[in-house]
Amino acid sequence: MSASKSSKKKQQKTKARLPRGFVDRSANDIHATNAMIAKIREVYERYGFDPVETPFFEYTDCLGKFLPDTDRPNAGVFSLQDDDDQWMSLRYDLTAPLARHVAENINEIQMPFRSYRAGYVFRNEKPGPGRFRQFMQFDADSIGAPGVQADAEMCMMMADTLEALGIKPGQYVVRVNNRKVLDGVLEAINLGGDEDADRRLSVLRALDKYDKFGSEGVRLLLGKGRKDESGDFTEGANLDERQIEILVEFLEAASLNAAQNKISGVSSVEEQVVNDLYNQFDLPSNAVSLLHKFTEKWGLVSQLLEDGLQLLDEAKLLVSFSGYGDDRILIDPSVVRGLEYYTGMVYEAELLFDVTNEKGEKVQFGSVGGGGRYDGLIKRFTGREVPATGFSIGVSRLMTALKNLGKLEDSSVPAPVLVTVMDGDTKNLGAYQKMVQSLRQARIRAELYQGNWKKFGNQLKYADKRGCPIAIIQGEDERRNSKIQIKDLIEGRRQAEAISSNEEWRESRPGQFEIDEKDLVEEVKKLLETQKVL
RNA sequence: GCAGUCGUAGCUCAGUUGGUUAGAGCGUCGGCUUGUGGCGCCGAAGGCCGGUGGUUCGAAUCCACCCGACUGUACCA
């Protein structure tokens with residue numbers, strides 16, 4: 001049967017398909033990424049950081065907690081076994097591999113050690129819009145510097161980086177917190193003990209959702225739990241009324257402070273609203289004193305909390321002294337960040353403008369980078385504590401945002417000048433190739449048509465679709481007289497709008513003119529310049 | 001992981017109460033046109049109707065399970 005024959009043939013074809021959560025990258029995307037990375041690198045270098053790179057793979061135990069369990073060795077990370085049965089994993093960030101590198105070379109490395117690196121990281125988890133299983137990060141870390149000024153410097157560098165990319169103060173903000181503040185508040189409401197470790201995690205996760213779900217959502221998550229719009233239920237932290245009230249008020253106080261400091265780029269109506277709130281409640285304008293007022297009101301006592309607030313004060317002072325105001329670096333005690341290895345200061349760069357995606361929906365970009373202090377990470381290898389702080393910028397994510405902001409300058413490379421081959425004139429290929437080479441030697445991007453030469457029309461069709469600015473034409477007639485036809489494809493396309501009949505279109509040869517063979521390079525250069533201006 | 005929605009050509013989608021050889025537009029390729037892009041006209045290729053099993057004389061259509069995609073949520077070092 002013919003049906004079975006054709007289906008047999010079908011089955012042998014492999015379906016071409018991209019693994020989910022991964023993308024192929026286009027020429028434009030690669031050029032844009034390269035341009036962006038160059039700008040970021042320039043800032044990091046200026047701050048005195050040097051590049052250090054580690055490989056994609058690490059032994060799994062060196063990456064941290066992800067010892068593969070036999071049921072699901074790839075949960076979260078991509079793991080495989082080496083030929084000696086050791087588990088290896090693709091790196092899921094750039095910090096853990098750096099910690100391994102530093103620990104392994106600790107005797108050779110001069111501290112403080114300031115380094116940066118850009119590269120792809122991999123996460124084996126469900127992809128979503130703007131979220132991939134392979135994406136690029138650009139990190140900078142300072143190791144062996146225990147003081148707050150190291151953290152403050154990181155925040156300033158993040159601010160400078162965003163501004164180097166064209167994002168203005170008011171369009172972004174670097175929010176800073178200290179882990180001790182939140183831990184201290186939790187301690188003060190009797191959640192400090194070891195027996196409440198799991199509960200503390202759920203509480204911190206709930207607090208982190210304030211931006212997403214607002215006060216009410218957080219209240220539910222801190223209490224019994226929350227049901228999402230598909231009907232799925234999230235178990236809550238089961239705190240009592242007073243604990244919930246304190247935490248929600250804490251968030252509201254912190255965000256009120258943040259709102260007040262965001263007003264620089266906001267409409268005067270909103271500014272008025274915020275100022276009214278301030279006057280009404282007689283609030284101090286400084287986040288730290290605001291929090292002091294808050295802890296007094298509820299009678300919260302915690303040495304941790306005091307220490308945290310002290311450190312935030314110092315950081316604030318350091319950045320203000322260098323001229324970084326609240327419009328760029330903002331103390332915000334509600335920032336949570338990663339729960340795994342941060343030990344003190346945490347910071348997060350957030351974009352403040354909305355963008356509309358390709359479906360026309362409004363999207364808040366939120367965080368495009370962040371980091372913090374991880375004093376305990378290297379200790380896992382060396383046994384002694386090595387202070388470290390650093391941050392990471394999500395390159396892919398930030399690029400999408402810049403594109404939407406219109407800040408992504410066109411870094412695409414113009415299509416090449418196409419040298420056509422007239423009607424299967426293959427015996428003169430040498431002459432055509434020579435024209436191409438002379439253009440290339442003059443640093444003009446050029447290529448020789450290498451498809452089917454027999455149909456001349458196809459060559460121009462190719463040039464058109466490829467976006468070539470110019471086609472070079474030389475048939476036997478021209479060669480005999482040492483002439484060359486130059487076809488301005490951009491001008492031709494413009495003229496085409498006025499022409500309706502095919503014959504007229506072909507005979508008029510729009511945008512085309514003849515030059516002497518010896519003037520090829522000069523004439524092409526001249527025309528490219530003219531096109532650039534238009 | 002949990003929950004919801006949806007799977008027909010490369011893409012966007014039609015497909016009647018279950019009934020002949022499953023269609024259209026766009027895209028691709030070829031021709032009109034072997035010395036000229038666009039527009040136009042003509043033609044072709046391209047489908048295990050997501051998969052498997054079942055009900056039926058007969059399944060793209062009905063049922064079950066599986067797989068995949070999307071959305072929300074969880075996790076996010």
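Computed from a predicted model, the values in this text were never measured in an experiment. Quick note on labels: first sequence line is chain A, next is B, and so on, each numbered from 1.
For the pair R226(A) and F213(A), the cation sits on the ring face: its NZ or CZ lies under 6.0 Å from the ring centre, inside 45° of the axis.
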*Between K532(A) and E529(A), is a salt bridge (charged side-chain N to carboxylate O under 4.0 Å, His left out) present by the stated rule, with each step listed?*
CA-CA 5 Å; K532(A) 212 181 286 174; E529(A) 277 307 311; 3.3 Å; yes
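Ion pairing between D477(A) and K483(A) fails under the 4.0 Å rule for side-chain N and carboxylate O. Ionic pairing of R175(A) and D211(A) is present here: one or more N-O contacts between side-chain nitrogen and carboxylate oxygen are shorter than 4.0 angstrom. Salt bridge absent: R479(A) and E476(A) never bring a charged side-chain N and a carboxylate O closer than 4.0 Å.
Across the interface with RNA chain B, nearest-nucleotide mapping of Q474(A) and P127(A) shows Q474(A) to be the residue nearer the 5′ end.
Under the 6.0 Å cut-off for aromatic ring centres, F122(A) and F56(A) qualify, their centroids lying closer than that.
Remark: I109(A) CD1 to H101(A) NE2 distance equals 4.0 Å, nearest 0.5 Å.
The distance from atom OH of Y462(A) to atom P of C29(B) is 13 Å, rounded to the nearest whole Å.
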Taking N or O atoms only and anything under 3.5 Å, show me the protein contacts with nucleotides 72-74 of chain B, one pair per line.
| unit_1 | atom_1 | unit_2 | atom_2 | d |
| --- | --- | --- | --- | --- |
| G72(B) | O6 | K126(A) | NZ | 2.7 |
| G72(B) | N2 | S230(A) | OG | 3.4 |
| U73(B) | O4' | D228(A) | OD2 | 2.8 |
| U73(B) | O2' | T234(A) | OG1 | 3.3 |
| U73(B) | O4 | K126(A) | NZ | 2.8 |

Polar atom pairs (N or O), protein with nucleotides 36-39 of chain B, under 3.5 Å:
| unit_1 | atom_1 | unit_2 | atom_2 | d |
| --- | --- | --- | --- | --- |
| U36(B) | OP1 | R506(A) | NH2 | 2.4 |
| U36(B) | OP2 | R506(A) | NH2 | 3.3 |
| U36(B) | O5' | R506(A) | NH2 | 3.0 |
| U36(B) | O2 | K487(A) | NZ | 2.9 |
| U36(B) | O2 | Q512(A) | OE1 | 3.4 |
| U36(B) | N3 | Q512(A) | OE1 | 2.8 |
| U36(B) | N3 | Q512(A) | NE2 | 3.2 |
| U36(B) | O4 | R509(A) | NE | 3.3 |
| U36(B) | O4 | R509(A) | NH1 | 2.8 |
| U36(B) | O4 | Q512(A) | NE2 | 2.7 |
| G37(B) | OP2 | W505(A) | NE1 | 2.8 |
| G37(B) | O6 | P510(A) | O | 3.4 |
| G37(B) | N1 | L489(A) | O | 2.7 |
| G37(B) | N2 | D464(A) | OD1 | 2.8 |
| G37(B) | N2 | L489(A) | O | 2.9 |
| G37(B) | N2 | R493(A) | NH2 | 3.1 |
| G37(B) | N3 | D464(A) | OD1 | 3.2 |
| G38(B) | N7 | W505(A) | NE1 | 2.9 |
| G38(B) | O6 | N502(A) | OD1 | 2.6 |
| G38(B) | N2 | I499(A) | O | 2.5 |

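Within the structure, a side-chain polar atom (N or O) of R20(A) is placed less than 4.0 Å from OP1 or OP2 of A69(B).
A donor and an acceptor atom, one from each side chain of Y347(A) and T389(A), are located under 3.5 Å apart.
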Each base of RNA chain B marked ( ) or [ ] if paired in-strand (Watson-Crick or G-U under 3.5 Å), | if paired to another strand and . if unpaired gives (((((((..((((.....[...)))).(((((.......))))).....(((((..]....))))))))))))....
